[in-house]
Amino acid sequence: MIKVSVMYPNTPGARFDHDYYRDKHMPMIKARMGDACRSYTVDKGLAGGAPGEPPTYVAACHIFADSVEAFQAAFGPHVKEILGDVRNYTDLKPLMQISEVVVG
């Protein structure tokens with residue numbers, strides 16, 4: 001099992017529409033990927049590690065798939081549409097990481 005994490009750095013003055021991300025963007029990704037997307041989660045940053053510290057990321061999503069190859073095969077054909085939708089909810093440049101899930 002792998003996890004694809006897409007994280008949006010908390011940048012002062014940046015725009016991020018959490019409702020659109022949760023209700024439209026992520027369901028669209030799930031619909032395009034079908035069963036290759038085993039599940040996904042959406043995070044909304046609340047705070048950093050120290051009291052009063054802002055969150056490192058304003059938002060993140062985590063997409064779970066059986067393998068990197070399964071993810072790429074399902075996501076790849078729709079990448080233009082998916083990336084084209086980003087402007088509808090943010091002006092941030094996301095960071096991406098693919099990880100092996102070792103406990104879950």
Side-chain angles (χ1 to χ4, degrees):
M1 178 79 62
I2 60 117
K3 175 175 71 172
V4 178
S5 299
V6 181
M7 300 155 293
Y8 297 85
N10 188 7
T11 306
R15 177 182 62 83
F16 196 94
D17 184 338
H18 289 277
D19 293 337
Y20 186 95
Y21 190 61
R22 179 193 65 228
D23 299 335
K24 303 226 187 284
H25 185 74
M26 291 307 299
M28 185 246 315
I29 289 175
K30 171 64 177 155
R32 299 307 180 269
M33 289 185 65
D35 291 340
C37 172
R38 293 295 187 179
S39 65
Y40 68 87
T41 63
V42 174
D43 302 345
K44 182 177 182 179
L46 297 178
E53 187 175 280
T56 303
Y57 300 102
V58 68
C61 78
H62 309 280
I63 301 169
F64 296 86
D66 289 332
S67 66
V68 173
E69 295 78 17
F71 171 80
Q72 290 172 337
F75 190 89
H78 309 286
V79 71
K80 188 173 182 176
E81 176 186 13
I82 292 167
L83 294 181
D85 190 50
V86 171
R87 69 178 177 273
N88 292 319
Y89 63 88
T90 193
D91 52 8
L92 291 167
K93 180 172 172 42
L95 302 172
M96 184 175 164
Q97 176 171 304
I98 299 176
S99 305
E100 178 184 8
V101 177
V102 295
V103 175

**Student:** Val4 pairs by side chain to side chain contact (heavy atoms under 4.5 Å, CB included) with which of Tyr40, Phe64, Phe71?
**Tutor:**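 Answer to the side chain to side chain contact (heavy atoms under 4.5 Å, CB included) test with Val4 among Tyr40, Phe64, Phe71: Phe71.
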**Student:** Restricting to salt bridge (Lys or Arg N to Asp or Glu O under 4.0 Å), what partner residues turn up for Asp23, sequence neighbours left out?
**Tutor:**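 Testing Asp23 for salt bridge (Lys or Arg N to Asp or Glu O under 4.0 Å), a comparison that skips the adjacent residues, returns none.
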**Student:** With hydrophobic residues grouped by side-chain heavy-atom distances under 4.5 Å, do Phe16 and Leu83 end up in a single group?
**Tutor:** yes
**Student:** For Met33 and Cys37, work out which heavy atoms get closest and say how close.
**Tutor:**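 Minimum heavy-atom separation between Met33 and Cys37: CB-CB, 3.9 Å.
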**Student:** Say you draw a straight line from CD of Gln72 to CD1 of Ile2; how long is it, rounded to the nearest 0.5 Å?
**Tutor:**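 Between Gln72 CD and Ile2 CD1, I get 8.0 Å after rounding to 0.5 Å.
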**Student:** Tell me, with the steps shown, if Tyr57 and Asp43 meet side-chain contact (heavy atoms from CB on, under 4.5 Å).
**Tutor:** CA-CA 9 Å; Tyr57 300 102; Asp43 302 345; over 6 Å; no
**Student:** Please report the shortest heavy-atom distance between Ala74 and Ala36, naming the atom on each side.
**Tutor:** CB-CB, 3.3 Å
**Student:** Roughly how far, to the nearest 0.5 Å, is the CE atom of Met1 from the CZ atom of Arg38?
**Tutor:** 6.5 Å
**Student:** Output all residues satisfying salt bridge (Lys or Arg N to Asp or Glu O under 4.0 Å) with Arg22, sequence neighbours left out; order by chain, then residue number.
**Tutor:** Asp19
**Student:** Using side-chain heavy atoms (C-beta onward) and a distance below 4.5 Å, is Asp85 in contact with Met28?
**Tutor:**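 Heavy-atom side-chain distance check passes, below 4.5 Å.
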**Student:** Quick one, Ile63 and Met26 - any side-chain contact, counting heavy atoms below 4.5 Å?
**Tutor:**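 Yes, their side chains come closer than 4.5 Å.
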**Student:** Using 0.5 Å steps for rounding, measure from the NZ atom of Lys30 to the SG atom of Cys61.
**Tutor:**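 Answer for the NZ-SG pair, Lys30 versus Cys61, is 13.5 Å.
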**Student:** Would you be so kind as to tabulate the donor-acceptor pairs closer than 3.5 Å made by side chains of residues 91-104, with sequence neighbours excluded?
**Tutor:**
residue : atom : partner : partner atom : Å
Asp91   : OD1  : Arg15   : N            : 2.8
Gln97   : NE2  : Ser99   : OG           : 3.0

**Student:** Go through the structure and list residues passing ring-ring contact (aromatic ring centres under 6.0 Å, His included) with His78, not counting sequence neighbours.
**Tutor:**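 None.
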**Student:** Who pairs with Glu69 by salt bridge (Lys or Arg N to Asp or Glu O under 4.0 Å), at least two apart in sequence or on another chain?
**Tutor:** none
**Student:** Side chains of residues 5-13: which donor-acceptor pairs under 3.5 Å do they make with residues two or more places apart or in other chains?
**Tutor:**
residue : atom : partner : partner atom : Å
Ser5    : OG   : His62   : ND1          : 2.8
Tyr8    : OH   : Tyr89   : OH           : 2.7
Asn10   : ND2  : Pro55   : O            : 3.0
Thr11   : OG1  : Pro9    : O            : 3.3

